[in-house]
Structure formats: structure tokens, C-alpha cells
Amino acid sequence: MQSTFQASDSGQAVIQNASAIGNEKLVVTLHGESGKSVGIQIREDTDGQDLVSSEITINQAGLQQLVQWLREQGVVE
């Protein structure tokens with residue numbers, strides 16, 4: 001499996017895993033001028049079809065709660 005990372009100035013980052021059966025992507029997109037929310041998609045590309053298998057949007061308050069929880073878990077400082 002080969003993994004790649006791409007980021008753009010438009011506020012989108014893509015992590016892609018390529019395997020013999022297809023590609024999996026984690027797509028993170030900042031929404032709004034100041035990144036007031038984040039969209040996260042899990043995409044699967046099999047047989048030439050790029051399908052969204054899961055998607056969530058998190059607002060600024062939710063992001064703050066997520067970062068606090070990650071700090072409590074010792075994942076980030």
C-alpha cells in the first residue's frame with residue numbers, strides 16, 4: 001500500500017492510500033474564510049467510481065471540544 005499527502009491553498013488536505021483493489025482517501029476541507037467549520041470525507045475509488053462512504057461537518061464549537069478531548073487523552077498538547 002502506498003500513501004500520499006496533498007494540501008492546497010484553498011484549505012483542503014487529502015491523504016490517499018492506494019492498494020491493488022483501489023484508492024481510499026481522507027479529505028479534510030476548511031469551510032468559511034476563517035475555518036469556522038471543517039468537513040471530513042472518507043472516499044473510496046473502486047472500479048473508476050469515486051464514492052463518498054462517510055462524511056461529517058464539525059463547527060467551531062465542536063472543533064474546540066474535539067481538541068480539548070484530544071488534550072485530555074494526551075494526543076495533543
Take Thr4 and Ile15 through the side-chain contact (heavy atoms from CB on, under 4.5 Å) test and state the conclusion after the steps. CA-CA 6 Å; Thr4 60; Ile15 299 171; over 6 Å; no
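- Hydrophobic clustering (side-chain heavy atoms under 4.5 Å, transitive across Ile, Leu, Val, Met, Phe, Trp, Tyr) keeps Val67 apart from Ile58.
- How far CG of Leu26 is from OG of Ser3: 11.0 Å, rounded to the nearest 0.5 Å.
- Note on residues 9-24: no pairs pass salt bridge (charged side-chain N to carboxylate O under 4.0 Å, His left out), not counting sequence neighbours.
- The neighbour count for Glu72 CD, taken as heavy atoms of other residues, nucleotides or ligands under 6.0 Å away, is above 12.
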Check the pair Asn23, Asn17 against side-chain contact (heavy atoms from CB on, under 4.5 Å), reporting the backbone distance first and the verdict last. CA-CA 6 Å; Asn23 295 320; Asn17 292 322; over 6 Å; no
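- Both Trp69 and Val75 belong to a single network of hydrophobic side chains, linked directly or stepwise wherever heavy atoms of I, L, V, M, F, W or Y lie under 4.5 Å apart.
- In terms of modelled atom types and a separation under 3.5 Å, the side chain of Ser53 and the main chain of Ile42 share a donor-acceptor contact.
- In this structure, Asp45 has no salt bridge (charged side-chain N to carboxylate O under 4.0 Å, His left out) partners at least two apart in sequence or on a different chain.
- When hydrophobic clusters are built by joining Ile, Leu, Val, Met, Phe, Trp and Tyr residues whose side-chain heavy atoms come closer than 4.5 Å, directly or via intermediates, Val52 is not grouped with Ile40.
- Annotation: the span from Ser10 atom OG to Leu30 atom CG amounts to 9.0 Å, rounded to 0.5 Å.
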Going through the distances and angles, do Val27 and Arg43 end up as a side-chain contact (heavy atoms from CB on, under 4.5 Å)? CA-CA 8 Å; Val27 181; Arg43 303 180 73 91; 3.7 Å; yes
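- In this structure, the separation between CD on Gln6 and CD on Gln12 is 9.5 Å, given to the nearest 0.5 Å.
- Summarising the geometry, atom CD belonging to Gln65 is positioned 8.0 Å from atom CG belonging to Asn59; distances are rounded to the nearest 0.5 Å.
- You'll find the side chain of Asp50 reaches within 4.5 Å of the side chain of Lys25, heavy atoms only.
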Verdict with reasoning, Val38 to Thr29, per side-chain contact (heavy atoms from CB on, under 4.5 Å): CA-CA 6 Å; Val38 174; Thr29 306; over 6 Å; no
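- Rounding to the nearest 0.5 Å places NZ of Lys36 at 5.5 Å from CD of Gln60.
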